[in-house]
Amino acid sequence: MDIEDRIFSIIKSLNPPQQEATTVVNGPVQVIAGAGSGKTRVLTTRIAHLIYSGVEPSEILALTFTNKASKEMTARIGQILNYQAANRIWAGTFHSIFARILRYEAEYLNYPRDFTIYDQEDSNSLIKQIIKDLKLSIMDITPASIHGVISRVKNDMVFVDEYKNIASTSFEKVVAQVYEEYQNRLRENKAMDFDDLLLNTLVLFTQFPDVLKEYQDRFRYILVDEFQDTNRPQYRIIWNLAKAHSNLFVVGDDAQSIYRWRGAEIKNILNFLKDFPAAKQIRLEQNYRSTSTILNAANSLIVNNPNQIKKNLWTNNESGNKIDVIDADDDNTEASLIANKIMQLIKQDIKYSDIAILYRTNAQSLLLERSLRTYNVPYQIFGGLSFYQRKEIKDVIGYLRLLVNKNDSVSLLRVINEPPRGIGKTSLDHIMEYASKNRFSLFDAMSNSNEIQALQARAKITTKNFTETIHRYSEQLEDSTLEDVVPAFLEATGIFQMYKEIDTREMTERWQNIEQLVNDIILFGKDNPNQSISDYLQQISLLTDFDTKEFEGNKIAMMTLHTAKGLEFPVVFIAGMEKGLFPIIRSKNSKEEEEEERRLFYVGITRAEKRLFLTYAKRRARFGEYTYQSPSNFLYEIDINFLNWSDSRKKAPSFSQSPNDFYSKSAKPNFKPNTPKPNIYADKPHSDNYSQISDESTYKLGDIVMHSYFGEGKISAINGQGQSLKLTIDFKSVGRKQIMAAYAKLERFK
DNA sequence: GACCTGCTGATTTTT
DNA sequence: TCAGCAGGTC
């Protein structure tokens, strides 16, 4: 089959809206693509068709949400056309593509080409340093929380000067101070954080029209995947690039927007039609993925979100099994019930690799893992700490970063005493004082350590040796291969020796990981003789765990619901369907946040093709303390006709399910009139639910108490005595909970 | 300056 | 519950 036949046989197999979306070549197009409606197929076929129609691959910019998605897209296009063409497409994440552009154009922004990209951890340690240096006394505020605010502010495109003006509370004023210093130091360190990659690209395009023009001409065709999750700077960048030719194609689904907390604006979908009034709107509403039971269940859930674009997602697929809702006595039991169920499924000819377990928080994976191991179920976890975020790897990368960017003080501070070389807190204080007094970078101050009077003779020698080593190897790097320089340099720093010893002593795999990294670098050098170590470093700084891991062999996949976006599995388990955990409790449970949680659940449900299991535990250990959980209100929102609630519900927990009248605002499940409330406790009248023997000496009915985690609540029942004294408390934050008084840190409210 | 220990706060989600 | 860190000791 030649290329033409291949493309047209694919196009012929598409439904009419899909065909339109793939073959309209010019002009703005907005596709609202429901879950499982063949979005990826449309994207790849469209790009193949564009190239077939005469568009140069290098004129196409395809932005995806993960590196993995872009790799897969490129691979598929390669299969249809050829790999040379596919590899010339500019495909990648926003962050990776713009990092690449910023590298080319760095001098416009007064940055060196080899600028360093700071990840979250790097940013946090820089902020920690700033807090210390500015002597800010802020109790209860962590560097991470300040960075969170700064990141949010940056995503809203509020620059330092503006933020300083609008900061009103004392906390905001502190943030403003840190924000200003943070940006200064990023610049001094010749570094950008993740948000800067977007903001600086925007600055580049808006302040240098010639540069913008160049990229407008280069990217004559732009495609954006997961458009609902773009934030403001991302949208502005796309808009700037596309306004010259308007060949902008965006695909998204407002019902799957789950990154609002990171600044994503669903509004962008609506703005699109304002900014590109000529845009064609195409809806993909036929779902090819799931059984009608699963799809309709998802639909019955998502109608509870009032604000959404109207669509009618339907399927021709068979109705299939009902959705199993499994309740477990506690979190351990939940994990083993899942493992058991999986083993049953395996006997029915389902492969491990057909199954995924999804959960709300990474912390949940621990118990699940333990139980899968007990039952010998092979699994693979995606997400969480990526290879490149491991301590030993970050240490090595810290050294390598110094080779290309000596101004990177975050990396310098990270490695200066790793392995211990006698430069501790006191010496560092002297060096930093000298650096700031003379407006030197930390590295330059160390190079001049002879001039620092306060410094001990020994420290002077060590710092001098240290900086000389860096100098020597960074010079070598200019005319030698990575293979020749990198291992020798790392050996010279002593970091190899240190981890070899740790590995033998503590039976860890750290040295192995380092070997793997060094091999990877050497391979990179061989495969890309024209690229430098700084190319390598930039590339890996934007990789997540999910990007680096392949689905391997016959194993179950485990990941958070967020990570699961864009994937599909024949069998899906969603664990931890409990109030407080999913939807998760936050300090302020706003309507918007609940709607986002609901969309997240929607994403989870629609990952399943054939079978879906929803599990919850009645008792779960959180923060080392067991609490009684009630089923998630989301479970009641799904049309009961699609559910098969497990039999053990008859052994109902000994407390009432009814939402509390005076307290909980969010605890009240949103029942649709056509969805009868599953009265799962029908065989237990309310009044029998708890005996009211109160331990007069400590707690009384109606007492207002403070819980360390759930906050304020009112005691509505008291059960048991002494060690097994159980309190039923209506919390403002999570509604009704049962608490073991002996374990909970409760404070009486006067 | 390195090492030990007791305390505290963490559990959203990620480029 | 537990990891990471501040503060103290050698």
Side-chain angles (χ1 to χ4, degrees), chain A residues 63-70 92-99 117-121 123-124 128 132 139-145 147-148 151 154-155 192-198 226 229-231 233-234 257-264 331 358-367 382-386 388-389 391 416-429 456 458-459 462 540-547 559-565 576 580-587 589 593 596-597 599-601 603-604 620-627 708-709 743 745:
Chain A
L63 296 164
T64 56
F65 204 71
T66 64
N67 291 290
K68 196 173 222 168
S70 87
T93 63
F94 279 90
H95 292 267
S96 66
I97 295 283
F98 297 140
I117 299 173
Y118 280 172
D119 66 14
Q120 194 128 309
E121 193 191 345
S123 295
N124 285 346
K128 196 174 163 191
K132 197 183 135 208
M139 52 313 188
D140 281 358
I141 306 291
T142 60
S145 71
H147 179 239
S151 175
K154 287 168 90 167
N155 280 327
M192 296 190 198
D193 69 7
F194 286 156
D195 303 318
D196 285 342
L197 294 178
L198 305 176
E226 309 281 13
D229 284 325
T230 51
N231 64 22
Q234 287 168 330
S257 161
I258 54 174
Y259 286 104
R260 234 180 56 99
W261 55 274
R262 217 170 78 188
D331 43 8
L358 311 180
Y359 34 81
R360 180 67 240 276
T361 64
N362 275 310
Q364 287 166 260
S365 69
L366 265 171
L367 277 183
F382 293 85
L385 205 62
S386 103
Y388 298 104
Q389 287 170 325
K391 184 191 178 300
I416 186 64
N417 216 25
E418 199 87 357
R421 44 170 79 81
I423 304 177
K425 197 177 157 305
T426 322
S427 306
L428 266 181
D429 282 345
Q456 298 264 313
R458 203 170 70 114
T462 348
I540 61 165
S541 60
L542 298 168
L543 292 180
T544 64
D545 180 60
F546 183 68
D547 292 323
M559 65 192 85
T560 64
L561 288 146
H562 282 89
T563 311
K565 192 176 74 162
L581 184 59
F582 194 24
I584 205 154
I585 32 157
R586 311 192 72 233
S587 42
N589 250 336
E593 278 162 354
E596 175 140 321
E597 293 285 305
R599 289 192 295 267
L600 186 58
F601 188 30
V603 167
R620 180 179 296 275
R622 289 186 95 182
F623 298 107
E625 143 189 318
Y626 266 104
T627 59
S708 59
Y709 189 60
Y743 300 117
K745 292 174 204 139

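The structure presented is a predicted model; accordingly, all values stated were derived computationally and were not measured. Only heavy atoms go into these numbers, but all of them, side chains included; no hydrogens, no water, no symmetry mates. Proteins get letters first, then strands, A, B, ... in listed order; numbering begins at 1 in each.
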> Hey, is Lys132(A) close enough to Asp429(A) for a salt bridge, meaning N to O under 4.0 Å?
Replying inline: yes

>> Nearest to the side chain of Arg622(A), heavy atoms from C-beta on, is which of dT13(B), dT11(B), dA2(B)?
In response: dT11(B)

> Nearest-Å distance, CG (Leu367(A)) to C1' (dC2(C))?
Replying inline: 14 Å

> Which pair of non-hydrogen atoms, one from Asn155(A) and one from Arg262(A), has the smallest distance, and what is that distance?
Replying inline: ND2-O, 3.1 Å

> OP1 or OP2 of dT13(B) sitting under 4.0 Å from any side-chain N/O of Asn362(A)?
Replying inline: yes

> Touch check for Gln120(A), heavy atoms < 4.0 angstrom, all strands: base, sugar-phosphate only, or nothing?
Replying inline: base

> Closest heavy-atom contact between Lys68(A) and Phe382(A)?
Replying inline: NZ-CE2, 4.2 Å

> dT14(B) phosphate, OP1 or OP2: any side-chain N/O from Thr560(A) under 4.0 angstrom?
Replying inline: yes

> Between atom CZ in Arg620(A) and atom P in dA10(B), what is the gap in whole Å?
Replying inline: 20 Å

> Where do Ile423(A) and Leu428(A) land on the side chain to side chain contact (heavy atoms under 4.5 Å, CB included) test, with the steps shown first?
Replying inline: CA-CA 7 Å; Ile423(A) 304 177; Leu428(A) 266 181; 4.3 Å; yes

>> Expressed as a whole number of angstroms, how long is the span from Asn231(A):CG to dT13(B):C1'?
In response: 15 Å

>> Nearest heavy atom decides the nucleotide; on that basis, is Gly422(A) or Glu597(A) closer to the 5' end of DNA chain B?
In response: Gly422(A)

> Hey, is the side chain of Thr563(A) poking within less than 4.0 Å of OP1 or OP2 on dT13(B), counting only N and O atoms?
Replying inline: no

>> Would Tyr359(A) and Leu561(A) count as a side chain to side chain contact (heavy atoms under 4.5 Å, CB included) here? Give the steps.
In response: CA-CA 6 Å; Tyr359(A) 34 81; Leu561(A) 288 146; over 6 Å; no

> What nucleic acid atoms does Asp119(A) come within less than 4.0 Å of, heavy atoms only: base, sugar-phosphate, or nothing?
Replying inline: nothing

>> Nearest to the side chain of Ala363(A), heavy atoms from C-beta on, is which of dT14(B), dG1(B), dT11(B)?
In response: dT11(B)

> For Trp261(A) and dT13(B), do the ring centres fall under 5.5 Å apart while the planes stay under 30° apart?
Replying inline: yes

> Considering only the C1' atoms, how many Å lie between dG4(C) and dT13(B), rounded to the nearest integer?
Replying inline: 22 Å

>> Quick check on DNA chain B: between Ile258(A) and Pro420(A), whose nearest nucleotide comes earlier from the 5' end?
In response: Pro420(A)

> Of the candidate nucleotides dT11(B), dT14(B), dG1(B), which contains the atom at the shortest distance from the side chain of Thr426(A)?
Replying inline: dG1(B)

> Between Lys565(A) and Val603(A), what is the shortest heavy-atom contact and its length?
Replying inline: CA-CG1, 4.1 Å

>> Can you measure Leu366(A) atom CG to dT1(C) atom C1' for me and round it to whole angstrom units?
In response: 11 Å

>> Using whole Å, what does the distance between atom C1' of nucleotide dT13(B) and atom CG of Leu358(A) come to?
In response: 13 Å

>> Is Thr66(A) close enough to dT14(B) that one of its side-chain N or O atoms is under 4.0 Å from OP1 or OP2 there?
In response: no

>> Between P on dT11(B) and CZ on Phe582(A), what's the gap in Å once rounded to a whole number?
In response: 19 Å

> Touch check for Tyr259(A), heavy atoms < 4.0 angstrom, all strands: base, sugar-phosphate only, or nothing?
Replying inline: sugar-phosphate

>> Any donor-acceptor pair, under 3.5 Å, between the side chain of Arg360(A) and the base of dT13(B), if you only look at N and O atoms?
In response: yes

> CD1 of Ile585(A) versus P of dT11(B): gap in Å, rounded?
Replying inline: 13 Å

>> Between P on dT13(B) and CZ on Phe546(A), what's the gap in Å once rounded to a whole number?
In response: 16 Å

